[in-house]
Trainee: 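My questions all concern the structure below.
Counting convention: from 1, in listed order, for ligands and their atoms alike.
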Amino acid sequence: MAERIRKVGVVGLGTMGAGIAQVSVQAGHETIGHEISLDLAERGRATIDHYLTRAVEKGRLAQADKDAAIARLTLTTELADLADCDLVIEAVLEELPLKREVFAELDRVTRPEAVLATNTSALSVAEIAAATERPERVVGIHFFNPAPVLPLVEIVRAPESSDDAVRAAYEWAEGAGKQPVNCNDTPGFIVNRILIPLLNDCVRVLDEAAVTPEDLDKAMTNGAGWPMGPCALVDLVGIDVHVHASEALHDKLGEERMAPPERLLRLQREGRLGRKTGHGFFEYGS
Ligand code: 3HC
């Protein structure tokens, strides 16, 4: 039995971090959410409140359970406040130097037995872990967007991750009602290794075959059974997040299909980042 995880820290309360914090509080864990400003932290809490309220309205969650879940979340702008967490999950921007800075600080402030996890999509867990003095306590816990809805969590073992840390992360995810899978610290882990080049192929088809995003999405949902079309999915994930993951995979594996298509780079330059900016392949109301 791996060390039992009671208290959880989540660093970064953007789309993924807020979703992860929601999973954690709904699973009954005292959870501390960290952001660089209280405004951003409150925005993360508001997102969680919004989805829990919807669940109450739909009769899937009792009001008392929602209130209890929200009460388990506290907010901070100080990493030092994560000192007594058993597990910290980092979900900040996909920038290696930033993640390494966060991990170096977490290493200083948390207990030596704490498990430190990254939600990185495509960076190397080992390179992040190397910023600490305890790479054996560092793993990847990779959620899928929207984190509270999609069951899969990839538990990523880096070369120096200990069996105990991997098991603790796996058991925590399972206890939170997720479907964890074990994987290694290889580029894109399992899903992104396959999904990112596939989505890039879909985007290239738009220009190569001169089809509209609407027709491409209609084709893939109705003809291949995808729950949402590829353009809607890239808009959900975020054009910038997808481009970054593509570049990271392309850098490491060198396959042409992994390089981000020009059309995505153009959307990124125009600030059309998908749902989060209200514009991407499609337009979204506020
Ligand atoms: N947080 C919490 N709950 C959310 C949510 C969020 N961010 N987004 C949606 N939900 C809930 C809604 O409240 C809704 O519940 P309700 O029906 O009780 O109101 C439920 O999820 C379903 O949402 P919708 O009714 O809006 O829509 P759908 O039934 O069409 O489902 C979907 C939406 C779950 C997104 C589904 O289309 C889907 O599974 N799409 C594929 C998503 C996917 O492939 N994600 C992986 C991306 S890759 C990735 O994340 C890796 C990263 O590293 C890049």
Trainee: Can you tell which of His142, Arg60, His244 gets a heavy atom nearest to atom 16 (P) of ligand 1?
Mentor: Arg60
Trainee: So, for atom 53 (O) of ligand 1, does the protein have a heavy atom nearer than 4.0 Å?
Mentor: yes
Trainee: Leu267 and side-chain contact (heavy atoms from CB on, under 4.5 Å): which single residue from His242, Arg272, Glu262, His279 fits?
Mentor: Arg272
Trainee: Strictly inside 4.0 angstrom of atom 25 (O) of ligand 1, do you find any protein heavy atom?
Mentor: no
Trainee: Closest non-hydrogen protein atom to atom 7 (N) of ligand 1, residue and atom name please, with distance?
Mentor: Pro146 CB, 3.4 Å
Trainee: Relative to the heavy atoms of Leu150, which atoms of ligand 1 are at a distance of less than 4.0 Å?
Mentor: 39 (O), 42 (C), 43 (C), 45 (N), 46 (C)
Trainee: May I ask which of His242, Met228, Arg54 has a heavy atom nearer to atom 41 (C) of ligand 1 than the others do?
Mentor: Met228
Trainee: Minimum heavy-atom separation for Asp185 to Ser124, with atom names?
Mentor: OD2-OG, 3.6 Å
Trainee: Ligand 1 versus Tyr51, non-hydrogen atoms closer than 4.0 Å: side chain, backbone, both, neither?
Mentor: side chain
Trainee: Is the shortest heavy-atom distance from the side chain of Asp81 to the side chain of His34 under 4.5 Å?
Mentor: no
Trainee: Which is closest to atom 4 (C) of ligand 1 in terms of heavy atoms, Leu61, Thr47, Thr53, Val149?
Mentor: Val149
Trainee: State, to 0.1 Å, how close Gly175 and Ala27 come at their nearest heavy-atom pair, and which atoms those are.
Mentor: O-CB, 4.4 Å
Trainee: As an exercise, identify every atom of ligand 1 less than 4.0 angstrom from a heavy atom of Leu195.
Mentor: 48 (S)
Trainee: Among all protein heavy atoms, pick the one closest to atom 49 (C) of ligand 1 and tell me residue, atom and distance.
Mentor: Phe144 CD2, 3.6 Å
Trainee: Between Glu57, Gln22, Lys58, flag the one that comes closest to atom 17 (O) of ligand 1 by a heavy atom.
Mentor: Lys58
Trainee: With the threshold set strictly below 4.0 angstrom, can you tell me whether any protein non-hydrogen atom sits that near atom 14 (C) of ligand 1?
Mentor: yes
Trainee: Pull out every atom of ligand 1 sitting under 4.0 Å from any heavy atom of Leu233, numbered as shown with elements.
Mentor: 42 (C), 43 (C), 44 (O), 45 (N), 47 (C)
Trainee: For the backbone of Leu236 and the side chain of Asn145, can you confirm whether one donor and one acceptor N or O come within less than 3.5 Å of each other?
Mentor: yes
Trainee: Output the list of atoms in ligand 1 that are nearer than 4.0 Å to some heavy atom of Val237, sorted by atom number.
Mentor: 47 (C), 48 (S), 54 (C)
Trainee: Check whether any side-chain N or O of Glu94 sits under 3.5 Å from a backbone N or O of Ser121 as a donor-acceptor pair, and report yes or no.
Mentor: yes
Trainee: Only one of Arg134, Arg100, Arg137 forms a salt bridge (charged side-chain N to carboxylate O under 4.0 Å, His left out) with Asp107, so which one is it?
Mentor: Arg134
Trainee: Going by a strict under-4.0 Å cutoff (protein heavy atoms only), does atom 33 (C) of ligand 1 have a neighbour on the protein?
Mentor: no
Trainee: Rounded to the nearest 0.5 Å, how far does CG of Leu13 lie from CZ of Arg43?
Mentor: 11.5 Å
Trainee: Closest approach of Pro213 and Phe281, non-hydrogen atoms and distance?
Mentor: CG-CD2, 4.1 Å
Trainee: Whether Glu57 and Lys66 form a salt bridge (side-chain N of Lys/Arg under 4.0 Å from carboxylate O of Asp/Glu) is what I want to check.
Mentor: no
Trainee: Verify the contact flag for atom 44 (O) of ligand 1, where contact means a protein heavy atom under 4.0 Å away.
Mentor: yes
Trainee: Is Lys276 close to Tyr284 at the side-chain level, that is, under 4.5 Å between some pair of heavy atoms?
Mentor: no
Trainee: If we count only non-hydrogen protein atoms and require a distance under 4.0 Å, does atom 20 (C) of ligand 1 qualify as touching the protein?
Mentor: no
Trainee: When you measure from atom 36 (C) of ligand 1 to each heavy atom in Gly188, Pro227, Ala245, which option holds the nearest one?
Mentor: Pro227
Trainee: Specify the protein heavy atom at minimum distance from atom 50 (O) of ligand 1: its residue, its atom name, and the distance to 0.1 Å.
Mentor: Asn145 N, 2.9 Å
Trainee: Look up atom 29 (O) of ligand 1 and tell me if a protein heavy atom lies less than 4.0 Å from it?
Mentor: no
Trainee: Might you point out which heavy atoms bring Ser246 and Ile196 nearest each other, and give the distance in Å?
Mentor: OG-CG2, 3.4 Å
